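Data first, discussion second: the structure below is written as structure tokens.
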Amino acid sequence: MQEDIGEAFQKGTKYRRDDMDHKHLDWCKKPDAYKRYDDTERIGLPRELPELSKPVLKCISERRSIRRFSSTPLSIRELSILLWASTGIQRVEQGYAFRTAPSAGALYPIETYVISNCVSDLENGVYHYSISDHALELLRRGDLGQMVSNAALGQEMCTGAPVVFIWSSIFERSKWKYRERAYRYIYLDAGHIAENLALSATGLGLGTCQIGAFYDDELNALIGIDGFDESVIYASVAGHPY
Ligand SMILES: Cc1cc2nc3c(=O)[nH]c(=O)nc-3n(C[C@H](O)[C@H](O)[C@H](O)COP(=O)(O)O)c2cc1C
């Protein structure tokens with residue numbers, strides 16, 4: 001790891017009154033906020049939302065990191081709710097779709113991938129969450145839990161959990177407007193998504209644990225992204241607590 005890179009980043013991305021860049025945005029170059037995989041199998045997700053009996057303050061008071069999971073599979077309905085609650089489309093205003101988690105400039109740089117280890121009615125494998133139509137796109141079949149665990153510094157919860165959420169960033173979506181300062185916002189965006197996941201999971205009687213420790217390029221390779229224009233930044237396991 002490069003020495004002092006953190007301090008240089010923090011210092012180099014500060015807004016200062018005497019050094020603000022007021023360039024106009026080139027709207028023709030605004031990156032698309034949706035990634036779509038064509039020519040893959042698509043799995044439509046159920047859209048009904050459950051009546052949650054738990055108020056949000058109770059979810060906040062009960063949330064904790066869960067690292068051991070029972071063998072109960074996650075249902076596709078539970079997975080669907082978790083995906084929507086973490087980063088799905090929540091409303092459309094003036095033709096623009098806003099999502100459940102806030103995002104700097106509503107630029108939505110974060111993509112979500114799902115490693116399915118044990119979800120009822122869903123083959124094990126790697127999926128991309130297509131936000132615009134609330135569907136999963138199958139990228140790779142197989143039992144990949146052990147590979148995810150190896151990439152996550154041997155953390156066994158990645159094998160034992162029914163699903164692992166992996167969040168990547170397409171940096172240009174945010175850099176188009178915020179340039180180098182975008183990196184600050186991208187990590188904040190991912191945090192909001194992860195907390196939405198954690199609290200909604202708690203509301204459903206499920207557990208999660210966020211994961212920041214992984215060999216970045218091993219996870220990038222596993223989900224098939226280049227690690228440069230798009231790179232993994234965060235992950236979380238989810239399932240029924242043991
Ligand atoms: C950015 C971030 C990265 C984390 N990475 C890991 C991880 O790689 N492995 C792990 O077991 N827990 C990880 N955690 C969970 C923390 O260890 C946990 O949140 C902390 O111990 C507080 O416990 P609580 O979540 O039960 O309140 C991470 C949490 C955050 C916010």
Side-chain angles (χ1 to χ4, degrees), residues 1-2 5-7 9-10 13 52 54-71 74 78 82-83 85-87 99-104 108-118 126 129 144-171 174 181-223 225 227 230-242:
M1 217 176 291
Q2 197 179 317
I5 189 89
E7 284 84 351
F9 166 75
Q10 194 62 26
T13 58
L52 279 193
K54 244 182 232 181
V56 69
L57 290 181
K58 191 147 174 51
C59 296
I60 289 171
S61 71
E62 286 181 8
R63 186 220 57 84
R64 65 209 58 222
S65 293
I66 300 294
R67 298 179 177 85
R68 287 187 70 198
F69 297 92
S70 79
S71 56
L74 203 71
E78 287 165 328
L82 294 179
L83 285 165
S86 55
T87 189
R99 304 185 191 175
T100 50
S103 171
Y108 303 114
I110 309 299
E111 291 292 325
T112 303
Y113 297 81
V114 171
I115 310 290
S116 150
N117 291 328
C118 185
V126 182
Y129 176 42
L144 296 157
Q146 190 57 55
M147 284 173 79
V148 179
S149 172
N150 293 345
L153 277 62
Q155 300 192 66
E156 285 174 7
M157 58 181 159
C158 299
T159 319
V163 292
V164 186
F165 290 75
I166 298 180
W167 293 292
S168 71
S169 170
I170 297 181
F171 301 104
S174 186
R181 192 172 170 90
Y183 289 93
R184 291 176 177 234
Y185 300 154
I186 287 166
Y187 290 111
L188 294 172
D189 275 23
H192 296 310
I193 291 172
E195 186 66 357
N196 272 8
L197 175 76
L199 292 179
S200 55
T202 307
L204 294 169
L206 303 168
T208 60
C209 181
Q210 275 94 350
I211 300 177
F214 45 77
Y215 299 114
D216 303 59
D217 285 333
E218 291 186 20
L219 273 193
N220 288 330
L222 210 135
I223 61 173
I225 60 175
E230 179 179 359
S231 195
V232 169
I233 58 173
Y234 206 12
S236 179
V237 287
H240 294 270
Y242 180 72

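Just so it is clear, the structure is predicted and the values come from calculations on it, not from any experiment. All ligand and atom numbering here is 1-based and tracks the order in the structure.
- Contacts classified as salt bridge (Lys or Arg N to Asp or Glu O under 4.0 Å) and involving residues 230-242 (residues at least two apart or in different chains) are given here: K35-E230.
- For the atom pair CD1 of I166 and OG of S236, the computed distance is 10.5 Å after rounding to the nearest 0.5 Å.
- Among all heavy-atom pairs drawn from I211 and C158, the shortest one is CD1-SG, 3.6 Å.
- The heavy-atom pair separating E62 from R64 by the smallest distance is O-NE, 3.0 Å.
- Residues lining ligand 1 at a heavy-atom distance below 4.0 Å are given as R63, R64, S65, R67, Q155, M157, C209, Q210, I211, G212, A213, Y234, ordered by chain and residue number.
- Using cut-offs of 30° and 60° for the angle between ring planes, the W167 and Y234 rings count as tilted.
- The neighbour count for F9 CZ, taken as heavy atoms of other residues, nucleotides or ligands under 6.0 Å away, is above 12.
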